[in-house]
Amino acid sequence: MAAVPVTCVRLTASMHTNQVVGRTSTLKLVSVGRARSRFPVLRTSRFQISCSAKPETVNRVCEIVKTQLALGNDSKVEPDSKFSALGADSLDTVEIVMTLEEEFGISVEEENSQNITTVQEAADLIEKLVEKKNAPA
């Protein structure tokens, strides 16, 4: 059994032939399979690992998105809400990222900001950057 030094891990397992897929660059995945005597591993588990941000971070990002897009109180913004589905264009997304930077005291690289399309992605990136900022040098 392997230990992974992260604050939260969500594993999704399904059986596929000799395939391991990872979606988080900071973690290493180890193939887990069933070996039978004198036979190669026939099946391997496929794990998708992702870190989820704290609920309070996700809620704060939801509030910022609602404010930036001038959405009413009846509008539902959830972690899987896509900015584009909420009516945001590319300029709105840039403004959301700038507000998040100010609110959380972080700096988001341009290449990372282009990959943010949902509230959850923004919250996950914030958690990662805040953790990196607060890590001892």
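For clarity, every value in this text was computed on a predicted model and none was experimentally measured.
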Among side-chain atoms of D124 and Q120, is any donor-acceptor pair under 3.5 angstrom? yes
Less than 3.5 Å apart, any donor N or O on the side chain of T99 or E95 sitting next to an acceptor on the other? no
Are the side chain of S81 and the backbone N or O of V77 linked by a donor-acceptor pair below 3.5 Å? no
Counting N and O atoms only, with roles assigned by atom type, does the side chain of K133 sit under 3.5 Å from a partner on the main chain of I106, one being a donor and the other an acceptor? no
Measure the spacing between CD1 of I116 and CG of L125 and express it to the nearest 0.5 Å. 4.5 Å
Separation of I96 CD1 from K66 NZ (nearest 0.5 Å): 13.5 Å
Assess whether side-chain hydrogen bond (donor to acceptor under 3.5 Å, both in side chains) is satisfied between T117 and E121, documenting all intermediate values. CA-CA 7 Å; T117 59; E121 290 171 353; 2.7 Å; yes
Hey, does the side chain of Q114 reach the backbone of E111 with a donor-acceptor pair shorter than 3.5 angstrom? no
Using salt bridge (Lys or Arg N to Asp or Glu O under 4.0 Å) as the criterion, list what pairs up with E103, not counting sequence neighbours. R60
Between N112 and V108, is there a donor-acceptor pair closer than 3.5 Å when you use the side chain of the first and the backbone of the second? no
Do any N or O atoms from the side chain of N134 and from the backbone of E131 form a donor-acceptor pair under 3.5 angstrom? no
Using salt bridge (Lys or Arg N to Asp or Glu O under 4.0 Å) as the criterion, list what pairs up with K76, not counting sequence neighbours. E78
Of the options V58, I64, V65, which is the one that meets V61 in a side-chain contact (heavy atoms from CB on, under 4.5 Å)? V65
Could you tell me the separation between the CG atom of L100 and the OG1 atom of T57, rounded to the nearest 0.5 Å? 10.5 Å
At what distance, to the nearest 0.5 angstrom, does CG of L129 lie from CD of E101? 9.0 Å
Checking D80 against T118 for the side-chain contact (heavy atoms from CB on, under 4.5 Å) test, could you report, in this order, the C-alpha distance in whole Å, the side-chain angles of both residues, the deciding distance, and whether it holds? CA-CA 6 Å; D80 61 343; T118 66; 5.8 Å; no
side-chain contact (heavy atoms from CB on, under 4.5 Å), that's the test. Do V119 and F83 meet it? Break it down for me. CA-CA 7 Å; V119 169; F83 295 150; 4.0 Å; yes
E109 CD: over 12 foreign heavy atoms closer than 6.0 Å: no
How long is the gap from CG on L71 to CG on L69, to the nearest 0.5 Å? 5.0 Å
Look only at the side chain of E127 and the backbone of S52, and say whether a donor-acceptor pair between them is shorter than 3.5 Å. no
